[in-house]
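Input: a single structure, listed below in structure tokens.
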Amino acid sequence: MSIIIENLSHVYGKGTPFLVEALKGVSFKVERGELTGIIGHTGSGKSTLAQHLNGLETPESGRVLVDDVDLSQKYDKKAIRTKVGMVFQYPEQQLFEETVEKDICFGPKNLGLNEEKQKQRARHAMDLMSLSYEEYAQRSPFDLSGGQKRRVAIAGVLAMEPDYLVLDEPTAGLDPEARKRLLTMIRRLPEETGMGVLMVSHSMEDMAMYADKIAVMDHGRLLRYGTPEQVFSEPEVLEKAGLGIPILSRLTLSLKEKGMTLSFSKTPEEFAKNLKQALEGRGQHGDE
Ligand code: ADP
Ligand code: MG
């Protein structure tokens, strides 16, 4: 099961002098159990695309299918909003309850679950965001650090137990350490829960390290879609769109030009291993 985006186009300000073609014939898939990244510079259509996945925006043409439910036809809006969880930019701005637990229970409560079920959901969602229930459930969300607030806000969406999670620039404004922690937690979600995760980002480095598939957006068009290895094997294409490629991919390509072929590396550790292997493979008695 997956979300299928099919030839999707969207315009803002139709019939006005301010018409913007925000999406132009975009097609790709978000599979369950995978982390799909959308990358592109500001204004390339990433947020517009994200907002189509749970029906917040309606296609001008083309379709969005969520597990076979066509969002351009009549459909159950509440069911889709539960199925596809949406984490907006700076989601902590929407925290409002007096305790972390109450805030996270807000969604499950609206689903009509009893108190015990709500609490179970909250505990599990906090687990997924590495927030200890004992330590944080009864604290005020307003006393937490920026990174913790954001994790509480994301836990609130996870407590709805969606089948898909869409995150729009989830690490924006966090310091490097909080950012890395959050990305590690997001990376684990598809594996631990089986949900399909779509993450909007403008960091190529993050995408290379964390995404299973990447969709590259450029002025409303889908420039490339594939695995990080596929997408980062064509630096010219990305550079034309004003996007760089991750430093490790650049190093790998430079080495290839010099006659040394390395496998694709997601992390510096992987790069070091691949480089060592390639060097050992070159020496006549290189094998250990
Ligand atoms: P990104 O998230 O990649 O920065 P957006 O999806 O926000 O891109 O924007 C894509 C294009 O649509 C931009 O040209 C932007 O100015 C325009 N746009 C976005 N939202 C609106 C809106 N609500 N009304 C009019 N134009 C919009
Ligand atoms: Mg955006």
Side-chain angles (χ1 to χ4, degrees), residues 3-30 35-64 66 71-72 77 80-81 84-94 146 149-150 153-154 157 162 164-174 178-179 182-183 186 196-208 210-211 213-226 228 231-232 237-246:
I3 298 183
I4 299 172
I5 299 149
E6 221 175 63
N7 209 13
L8 177 65
S9 296
H10 187 79
V11 291
Y12 288 109
K14 205 179 178 186
T16 75
F18 309 105
L19 184 136
V20 178
E21 285 184 82
L23 296 174
K24 301 172 196 168
V26 175
S27 305
F28 70 96
K29 264 191 199 183
V30 179
L35 199 161
T36 302
I38 308 184
I39 194 143
H41 47 71
T42 305
S44 58
K46 304 183 297 296
S47 295
T48 303
L49 179 54
Q51 286 165 22
H52 275 80
L53 303 195
N54 76 344
L56 287 169
E57 292 286 358
T58 312
E60 172 70 19
S61 61
R63 302 195 298 175
V64 175
V66 178
L71 304 194
S72 49
K77 286 213 157 69
I80 289 298
R81 302 237 161 120
V84 184
M86 184 72 67
V87 178
F88 295 100
Q89 281 178 275
Y90 303 100
E92 61 279 8
Q93 290 171 356
Q94 285 162 43
K149 276 186 199 157
R150 190 158 303 172
I154 296 173
V157 178
Y164 300 93
L165 183 72
V166 178
L167 304 127
D168 197 349
E169 312 227 10
T171 61
L174 296 182
R179 174 189 174 77
L182 182 56
L183 284 169
I186 292 171
V197 177
L198 183 78
M199 177 168 82
V200 174
S201 165
H202 53 234
S203 162
M204 288 291 182
E205 305 287 338
D206 290 351
M207 285 297 172
Y210 297 101
K213 303 274 170 56
I214 303 178
V216 184
M217 295 296 298
D218 178 40
H219 292 96
R221 285 185 208 288
L222 181 74
L223 191 64
R224 279 292 181 275
Y225 170 68
V231 168
F232 296 135
V237 175
L238 297 177
E239 271 155 17
K240 245 190 231 156
L243 300 165
I245 66 166

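The first residue of the sequence shown is numbered 1, and numbering continues consecutively from there. As the structure lists them, so they are numbered: ligands from 1, and atoms in each ligand from 1.
- Look at S44 and you'll find a heavy atom under 4.0 Å from some atom of ligand 1.
- Taken from CG in L223 to CE in M217, the straight-line distance is 9.5 Å, to the nearest 0.5 Å.
- For atom 19 (C) of ligand 1, the closest non-hydrogen atom on the protein side is Y12 CE1, 3.4 Å.
- At least one heavy atom of H41 sits less than 4.0 Å from an atom of ligand 1.
- Closest heavy-atom contact between D218 and H41: OD1-NE2, 3.1 Å.
- The N/O atoms of G45, backbone and side chain alike, include one that comes under 3.5 Å of an N/O atom in ligand 1.
- Ring planes of H10 and H52: perpendicular class, angle over 60° (limits at 30 and 60°).
- Exactly one residue among S61, S72, P59 makes a side chain to side chain contact (heavy atoms under 4.5 Å, CB included) with L8. That residue is P59.
- The presence of a protein heavy atom under 4.0 Å from atom 21 (C) of ligand 1 is confirmed.
- The minimum heavy-atom distance linking V87 with L165 is given by the pair CG2-CD1, 4.0 Å.
- For the atom pair CD1 of I80 and CG of N54, the computed distance is 8.5 Å after rounding to the nearest 0.5 Å.
- Note: an N/O pair closer than 3.5 Å links G43 and ligand 1 by distance alone.
- Protein N/O/S atoms found under 2.8 Å from the Mg ion (ligand 2), listed by chain and residue number: S47 OG.
- If you check the side chains of Y12 and T48, you find a donor sitting under 3.5 Å from an acceptor.
- Among all non-hydrogen protein atoms, the one lying nearest atom 7 (O) of ligand 1 is S47 CB, 3.8 Å.
- Protein non-hydrogen atoms do not reach within 4.0 Å of atom 16 (O) of ligand 1.
- For the pair T42 and ligand 1, the shortest N or O to N or O distance does not fall below 3.5 Å.
- Atoms CG and CD1, on L53 and I38 in that order, are 7.0 Å from each other to the nearest 0.5 Å.
- R63 has its side chain out of reach of I4: every pair of non-hydrogen atoms, C-beta onward, lies at least 4.5 Å apart.
- Considering CD of E92 and CG of L174, their distance stands at 7.5 Å, rounded to 0.5 Å.
- Taking 4.5 Å as the limit, some side-chain heavy atom of F28 sits within range of a side-chain heavy atom of L198.
- When only non-hydrogen protein atoms are considered, atom 14 (O) of ligand 1 lies nearest to V20 CG1, 3.6 Å.
- Nearest non-hydrogen protein atom to atom 9 (O) of ligand 1 is T48 OG1, 3.9 Å.
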